[in-house]
Engineer: 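Here it is, the structure, as structure tokens.
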Amino acid sequence: QLNRWCRAQASPITVPHYDEAAVSGHLDVLKERKVIDGTQFSSRLLEDWLLGMAGQTTNETFRRALFNGAQRRIVVPEGAEHITVGGEAVVRRAEVNGVMLAYRSRKLRSSLDREVFLQSNETLAVIRKIVEDREPGSDYLFEFKDVGLAERDPSEAIQVYRWVEGEDLSSQQGGLSADMVVDIGVKMATALRAIHAKDVLHRDICPRNIVLNRNLGADSVRPVLIDFGFARVMSGDLKSLFTGEHIAPECRESPPRWGKPADVFALCWTLATVLAADEPGTSRLIKVLNDGRNADPAKRPNADELLVRLRAVETANRIADKRTRAWAEISGCIAPQESTFWFRANVDNSKSALIDVYLGSIKRSTQTFAEIALFLQRIVESHSHGHHGLLNLLDRGGLSERDRQAVRYLHALRNSKGHAVEAIRDDVRAALAQFDGLPPGSQVQVFLTGASVVARRCGISSLLLLVGKVLHGVEAA
């Protein structure tokens, strides 16, 4: 009867659940506290009060108490999309009440797995509080929603968090400019400072666990630290040995010495991994990253010190000034008579991507073109004639085969964006391979041809000028 009531009160994500073990555990606590004597309440007055409360199923305090005492069973929506991840975890994503959520599940195969699961619950509660309190750095942490056992399989533990749209850094090895690495580093150091202030260790900072999210209208990219599956509140009981180049040396030997310096090592290793080789003016940045990877944890900067040093590099490189000048150049391409609300709004919404491409911040040309292809897709979707996507441009006549092929390339590039998606369609993969095989100059020309088609179809002549201006960053790179 209790579980029927719980199911009736369930949220779209969580179903509270009581089993015999949970009820017995609560009864044991009540006996220890002398609330129950044998099978009877110690106080008749308390018994009468509880019976009266039990009849008030709409009482919020009573309802919350029942929910807090229950096991949390997570409902994974039917048809949730499978996403590939590393390790033993599986991630699915699904839209619930207009919000895209990620469901990270892992089998609990032993009593040790269950103990680790309970420890992670404590850690995730701390992370949720940091985000809910909007503490400095919380913008760069994943938005944790809930944790519990799967409703369909109680041997499966599930974390639920808001899906972060974007690409993770694993696709950017050696592919980012020094300025972009500094920008990401400043934001990640701010996030690290926030969790370290609460004595939380992430313990798995690496390229696949930092997602680059481009909020609409933002001045720059928003890196988000995800996957807190190995995160723990600091204690003397952290004895897990991990492998991988991003793991600090003191945590790869037995017994491991887990501490905040290990996270600093992992972050600096990650930033060094994505930094493009032979970048001009990187000596200050490289010195900071090398110090953060010192073999001696006592000689590494803490999160506060790392943030101060990265901000000093940011100031020295005049990164903010460069971005301001770049935006003035880009937005100056829009003809006054074409500064319509829908067109200007799309340009503004893609601000961070357009600036990064203009400045040559992304060194791999395919990923650079993918950013602009996404921008062009938004232009097409917003156009008043109601085109639903880039491929819909092919439905109307008047295009040469060269035009049509260019639009297909735009479509493939746009669909290459995203992180950890299980599969890209074969036709998209084939088109991407063809595009990758073109000489750099031909890639630019083909892309401008596709942009010209979008400009003509949407009646925005200055669009081609804007894209050409932005793509000078590709040619310069």
Side-chain angles (χ1 to χ4, degrees), residues 166-167 172 175-184 187 212-223 276 279 314 317-383 390 406 409-410 413-414 417 440-441 443-477:
E167 294 176 294
Q172 300 288 358
L176 300 180
S177 71
D179 286 353
M180 193 164 187
V181 170
V182 170
D183 182 52
I184 293 169
K187 292 165 182 172
L212 300 183
N213 172 249
R214 294 192 183 275
N215 284 337
L216 296 182
D219 289 341
S220 59
V221 73
R222 170 180 167 248
E279 268 282 276
E314 183 179 49
N317 288 4
R318 302 179 65 84
I319 294 174
D321 290 345
K322 292 177 187 175
R323 299 187 73 84
T324 298
R325 289 196 299 270
W327 182 239
E329 288 282 333
I330 294 166
S331 56
C333 294
I334 302 174
Q337 67 274 19
E338 293 181 338
S339 190
T340 58
F341 173 78
W342 70 269
F343 178 55
R344 181 72 203 214
N346 276 286
V347 174
D348 290 343
N349 285 341
S350 301
K351 183 176 182 178
S352 69
L354 296 174
I355 291 174
D356 282 333
V357 174
Y358 177 86
L359 292 175
S361 299
I362 305 168
K363 298 300 180 181
R364 293 187 175 166
S365 61
T366 303
Q367 291 165 354
T368 297
F369 287 121
E371 293 285 1
I372 307 304
L374 178 57
F375 164 65
L376 292 174
Q377 168 81 11
R378 289 172 178 158
I379 294 293
V380 170
E381 289 175 345
S382 300
H383 185 239
L390 290 164
Y409 283 141
L410 290 185
L413 288 160
R414 181 267 172 274
K417 286 199 60 61
Q443 287 181 334
V444 172
Q445 289 306 311
V446 166
F447 199 89
L448 289 174
T449 298
S452 176
V453 173
V454 175
R456 295 198 308 270
R457 287 288 195 247
C458 296
I460 303 290
S461 60
S462 56
L463 175 63
L464 186 58
L465 176 63
L466 186 150
V467 172
K469 173 71 74 173
V470 168
L471 286 180
H472 99 283
V474 179
E475 297 173 298

Engineer: Rounded to the nearest 0.5 Å, what's the gap from CD on Gln377 to CD on Glu381? Could you check?
Structural biologist: 4.0 Å

Engineer: For Phe447, enumerate each residue passing the ring pair (Phe, Tyr, Trp, His ring centres under 6.0 Å) test, keeping only those at least two apart in sequence or located in another chain.
Structural biologist: Phe369

Engineer: With sequence neighbours excluded, tell me which residues meet side chain to side chain contact (heavy atoms under 4.5 Å, CB included) with Leu465.
Structural biologist: Cys333

Engineer: Tell me, please, which residues at least two apart from Ala326 pass side chain to side chain contact (heavy atoms under 4.5 Å, CB included).
Structural biologist: Ile355, Tyr358, Leu359

Engineer: For the atom pair CD (Gln445) and CG (Leu471), what is the distance rounded to the nearest 0.5 Å?
Structural biologist: 10.0 Å

Engineer: Can you find a heavy atom in the side chain of Val453 that is under 4.5 Å from one in the side chain of Leu390?
Structural biologist: no

Engineer: How long is the span from the CZ atom in Phe375 to the CG atom in Leu463, to the nearest 0.5 Å?
Structural biologist: 5.5 Å

Engineer: If you round to the nearest 0.5 Å, how far is CG of Asp321 from CZ of Arg323?
Structural biologist: 12.0 Å

Engineer: What residues, two or more places apart in sequence or in another chain, satisfy salt bridge (charged side-chain N to carboxylate O under 4.0 Å, His left out) together with Arg325?
Structural biologist: none

Engineer: Donor-acceptor check, side chain of Glu314 to backbone of Val182, threshold 3.5 angstrom: yes or no?
Structural biologist: no

Engineer: Could you list the residues that satisfy side chain to side chain contact (heavy atoms under 4.5 Å, CB included) with Ser177, not counting sequence neighbours?
Structural biologist: Asp179, Met180, Glu279, Ser361, Lys363

Engineer: Run the side-chain hydrogen bond (donor to acceptor under 3.5 Å, both in side chains) test against Ser331 and tell me which residues pass, sequence neighbours left out.
Structural biologist: none

Engineer: For Asp348, enumerate each residue passing the side chain to side chain contact (heavy atoms under 4.5 Å, CB included) test, keeping only those at least two apart in sequence or located in another chain.
Structural biologist: Trp327, Arg344

Engineer: How would you list, by chain and number, every residue that makes a salt bridge (charged side-chain N to carboxylate O under 4.0 Å, His left out) with Glu371, sequence neighbours excluded?
Structural biologist: Arg214, Lys417

Engineer: Counting C-beta onward and ignoring hydrogens, is there a side-chain heavy-atom pair between Ile379 and Ile460 closer than 4.5 Å?
Structural biologist: no

Engineer: Which residues satisfy the side-chain hydrogen bond (donor to acceptor under 3.5 Å, both in side chains) test with Asn213, sequence neighbours excluded?
Structural biologist: Arg222

Engineer: If I compare all heavy atoms of Leu212 with all of Val221, which pair ends up nearest, and what's the gap?
Structural biologist: CB-CG2, 3.7 Å

Engineer: Please give me the minimum heavy-atom distance between Leu464 and Ser452, naming the atom from each residue.
Structural biologist: CD1-N, 3.9 Å

Engineer: What's the spacing between Asp356 CG and Gln367 CD if we round to 0.5 Å?
Structural biologist: 12.5 Å

Engineer: Start with the C-alpha distance between Ile372 and Leu413, add both sets of side-chain angles, then the distance that settles side chain to side chain contact (heavy atoms under 4.5 Å, CB included), and finish with yes or no.
Structural biologist: CA-CA 9 Å; Ile372 307 304; Leu413 288 160; over 6 Å; no

Engineer: State which residues pass side-chain hydrogen bond (donor to acceptor under 3.5 Å, both in side chains) with Lys187; sequence neighbours excluded, sorted by chain then number.
Structural biologist: Asp183, Ser220

Engineer: Nearest 0.5 angstrom please: Phe343 CZ to Ser462 OG, how far?
Structural biologist: 4.5 Å

Engineer: With no hydrogens and no angle check, is any side-chain donor or acceptor of Ser350 less than 3.5 Å from a backbone partner on Asn346?
Structural biologist: yes

Engineer: Can you tell me if Thr368 uses its side chain to pair, donor with acceptor, with the backbone of Ile362 under 3.5 Å?
Structural biologist: yes

Engineer: Do Val467 and Leu376 come close enough that some side-chain heavy atom pair is under 4.5 Å?
Structural biologist: yes

Engineer: Thr324: which residues meet the side-chain hydrogen bond (donor to acceptor under 3.5 Å, both in side chains) condition with it, sequence neighbours left out?
Structural biologist: none

